[in-house]
Every structure is written in C-alpha cells, then in structure tokens.
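For the numbers below, each heavy atom of this structure counts, side chains included, while hydrogens, waters and symmetry mates do not. Below, chains carry the letters A, B, ... as their sequence lines are ordered, and counting in each starts from 1. These numbers come from a predicted model, not from an experiment.
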2 protein chains.
Amino acid sequence: MGFLDRVQAAMEKNNSLLCVGLDPSPERFPASIQAMEKPIFEFNKAIIDATADLVCSYKPQAAYYHACGAEDQLAMTIDYIRTQYPDIPVILDSKRGDIGSTASQYAIEAFERYQADAVTVNPYMGIDTIEPFSSYADKGTVVLCRTSNPGAAAIQNLLVQQDSSVENGNTAMLYEVIARMCKEQWNGNNNILLVVGATNPTELKRIREITGDMTFLVPGLGAQGGDVEATVKNGLNSEGKGIIVNSSRGIIYASGGDDFAEAARNAAVKLRDQVNLYR
Amino acid sequence: MGFLDRVQAAMEKNNSLLCVGLDPSPERFPASIQAMEKPIFEFNKAIIDATADLVCSYKPQAAYYHACGAEDQLAMTIDYIRTQYPDIPVILDSKRGDIGSTASQYAIEAFERYQADAVTVNPYMGIDTIEPFSSYADKGTVVLCRTSNPGAAAIQNLLVQQDSSVENGNTAMLYEVIARMCKEQWNGNNNILLVVGATNPTELKRIREITGDMTFLVPGLGAQGGDVEATVKNGLNSEGKGIIVNSSRGIIYASGGDDFAEAARNAAVKLRDQVNLYR
C-alpha cells in the first residue's frame, strides 16, 4: 500500500487529519525524562503512546536529532512507531535537496536507513533533485511549496513571468509555479505531496485550485498561529480530504511537567476536534 | 579570523583555489580500505594526507555519511582536518534550510557538533532560514544560487518580474534575484558565499557582475564536465580572487585501486595547475 493510501486509512481509522511533529528539545523535557539514558526516545515514546489513536501520521524533524547527535534515537523512534503502531505512517522532515547522485543518498537515508514512509524535500534545485525520492513509488515525497515562516514570501511570492502553463493573467507567483510543476510534471508516481503553510489561507486556497486533489502537509497551526477554520475550509479537496494538519510544539510541549504526555494527548484531542469541526 | 579570511590564507599558502569534496561511497573504495573498521574515515584520511598542501578547503557531503549512518566518521574526518591541518577550513555541504527555530538546530549541527567552518544552505524559504547560520559571524554561509545539475534551470532560470533592485530590463532570472538578495540584503556579517555551478560560464559571469567581490563555491568541474578556462575567467573578481573550485569524484576516485591516494594527489595537482593557468 502506498503512502497516500496508508495516510488515508489512518485518517479514517482515527477520524483525524492530525500529524504530530516530534521536534525534541531535551532542555524542555521534565527532569525525570532528562535523567534517562535515551531521553529523546523516551520522550517521543511517551508522546506516541499517548496520541497514537488520535493521529494520521508522525513527523520527526531531523534537525533536532542532528543537532545533538541523536540519530540512533531518531531510528529508535521511527522503529517504535513501525512496530507498535504499524498503521501510522512516518514523515521524516529533513527538507533535503541536492544534485541527483547526492539526492539518491538522501533517499537511502530516509527510506532505507530510517525506513520513513515519506520525506520532505526542497524544490529549488529542480526535478532531478526530486526524482531520486519520488522514484520510491510506495513512499511519499513532500515538496516545499508555500512555507509558513515569515521570510518565505520574499522568495516564494516573487512574480514569475507567464509560461504556457499559467492560465490566469501573465504572471504567477513562484509558489504557484512550483505547485503546478508538482501537479503536471513531477507526479508521475502519484506520490508527491506539497508543504503548504496554514499561515496564509488565501494561498492555501489558490494551491488547492492549482493541484486538484493532491495532498498537502500543512504546518503552522498551533505555535505558528494559523487559523484552523480557514485552513481546513480552504485546504480540503472536493472529496473533503487532502490535508495533513501538523502541530509540533503546541502539542508536545503542552506541559513541561511530568504530565507532559497527558497534556499532549489533551492538546491533540483539542486540535483534532477543532479540525474535524470544519470538515 | 573569519571563514573568508581563512580560505584566502589557505589559497595563498597552497597557491590553490581547489576544494576537494569528500563524498565517500564505500563500494568504490579499494578492498584494503573496505576491510577496515572505519573505512570512510580511513579513506578520507588518506585523501586528506595526500592533498592537504594542494587545497584551500575540504567539503564533506553530508548525504553520503547520513545514508550509511556514518555521522561518527564525518565528525572524525572534520576533527582530523582541524587538528592535523588547521589552516585548511572545512565546508559542510548539507544544503540545509528550514523555519528559523529549526534552522538554528541545523546551525548547531554544522558549527557546534561538527565544528565545520562553513555550511551550504538553500534559499527557497527566505532570509529567516539563512540568518541562524549567518549570525555565526566567523563562519561561512554558502547560499545555493545557480546550481550545476541539469534540472536547475527550470526553477532557477524562471523569469521574475522587475522589482526596483533589478537594473537591466524589467525581468531577472530567479538566480539573479537570489544573488542580489545575498549581496544587498543577507550579507550583513560579510560571511555569505554563493554556490554557482561551473556548467554555465555565462551565468557565472552574470552573478559576478551582480555580486561584486563576493566569493563563490563553484562545483561542476571534473565529473560534471565544466570548462576550466571559462569558469576561472568568468568567476574571478576584480582582485583575481573570489572562487573556490570544487571537485569531488574526479579527484577522490581517480583510481579505484590501492594507489587511490596517490592518484587523487595527481588529479588534484592537475586541476589546481589548470585553474592557476587562467588566474
């Protein structure tokens, strides 16, 4: 079963569009966890056990593991999800991108070393940096399109001159061009997704228009402040599907105390239900 | 001493603009190296010992270490250069890029965990994904501008509508816009460099016009087939400086036999001298 089918099955099983981001900052863990031999894994394990019936996917953020040399705990975390909750796919958020021969190494990292089900990638270097990932037909390749950070617009909203594929007017923003490439040129294996931030619902709507029923990974709710109603209404495709709503810090750090897992569960229930209100 | 000054000093000491890329594929090592306990480190060490008087920098490519879980050997490699050849700076080629809080983690990875002297970063997400790196004033931040891979043009050569900062005509290519942002907006610490492929010397010349005396990391000679004379003549700034010429596979795999280090030295001498012919 391919990645998109697996996500869809998890969405239905748990009645949830929620993805929980696993961005571990050990200094934010309760002291009891910090004292453990594998604190990152233990923290993640507690979060996963508390939320696995509430989510459609998990998304570990590679940077947090690389910063402190915890690749082993990243592998343990993904392996734990795969063995204990095999219905829940894992998106490795590492935003890779490089020339083809190097991108192939990053694909091996994501899909063979860590056995992730999907990976985030950066489109700036073009199709030959995407294909080494998307050629794994059963895996998901999640391309950055319109990201949620404040500086994104200065690049992603640059006005690009018309090419034959742009319908409305003679220009399109760069993120629209990327969305269209993903839809029309890069999606031969039907396993491309797009990262579309929740911080600008109008742009989310525009990308939905361009890409039809493609699936979006939508960060920016929670800690980054996106609007749930506008995000869900503008993001869903015509079948009422097609968005994976990510929250990381807003859930995993809902409490800094020993009740962090319970607090994470409560925050996940709340966001899941908020999202479902507008489906 | 900042990164650019350190590179310049190494260029002068070794009379070389050459950077050797350390992209280890263990299956390409001679059997005698493959049999060792830390084959990647041993391979790199032999290459480094054979070339350290011929280069201005080394550039380990992170993907090759991540693919096989060899972060320890990446750290050992950089540490070996730092301790044995402290005059030669190290560029970690990992093409990172993410929202600010995450980019900070990647900066910790590059500059604190590995103690690299510079890191490559992707500009697609904008200035707040660059600043966490460039705020390390003594380190180099090497921004992808015009890359050497075949698919790059479809994105990087998109025609962007004029904004007030573009002089010639009413459009500029995306890579020109990125070059101008690097020059005019992102270089407050004077530690930004640009990745500019050798595969299109005309574009190299254009980026030189836009960026004045900034320094470029130029991949694409050797295995990727760029033209040495055109690259050097179009790349140098008005002071006859400003390019770091990278070759990876063309040097480190010059021979697949037990003479690989000697062959790498010969290939490095040859490319260094070819480059120097046109300085």
Got a second to check how far [X]'s [atom1] is from [Y]'s [atom2], nearest 0.5 Å?
X         : Y         : atom1 : atom2 : result
Thr147(B) : Tyr124(A) : OG1   : OH    : 7.5 Å
Asn149(B) : Ile127(A) : CG    : CD1   : 11.0 Å
Leu144(A) : Asn122(B) : CG    : CG    : 8.0 Å
Ile99(B)  : Lys95(A)  : CD1   : NZ    : 7.0 Å
Ile178(A) : Ile155(B) : CD1   : CD1   : 3.5 Å

Considering only heavy atoms, which portion of [X] lies under 4.5 Å from any heavy atom of chain B: side chain, backbone, both, or neither?
X         : answer
Ala62(A)  : both
Thr102(A) : both
Thr120(A) : neither

Inset, instruction - Mind running side chain to side chain contact (heavy atoms under 4.5 Å, CB included) on His66(B) and Arg96(A) for me, showing each step along the way? - result: CA-CA 11 Å; His66(B) 292 326; Arg96(A) 302 307 195 207; 3.7 Å; yes
Mind ranking [options] by heavy-atom pairs under 4.5 Å with chain A and telling me who comes out on top?
options                                   : value
Ser101(B), Gly100(B), Ala75(B)            : Ser101(B)
Ser25(B), Ala67(B), Ala152(B)             : Ala67(B)
Ala103(B), Ala153(B), Gly69(B)            : Gly69(B)
Gly151(B), Gly126(B), Cys68(B), Ala154(B) : Gly151(B)
Gln156(B), Met125(B), Gln61(B)            : Met125(B)

Legend entry - Side chain, backbone, both or neither of Ile130(B) within contact of chain A (heavy atoms, under 4.5 Å):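 Interface part for Ile130(B): neither.
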Inset, instruction - Name the option with the most non-hydrogen atom pairs under 4.5 Å to chain B; the candidates are Leu174(A), Thr129(A), Asp23(A). - result: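 Highest number of heavy-atom pairs under 4.5 Å: Leu174(A).
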Inset, instruction - Considering non-hydrogen atoms only, spot the tightest contact between Pro150(B) and Asp128(A) and give its length. - result: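 Scanning both residues, the minimum pair turns out to be CD-OD2, 3.2 Å.
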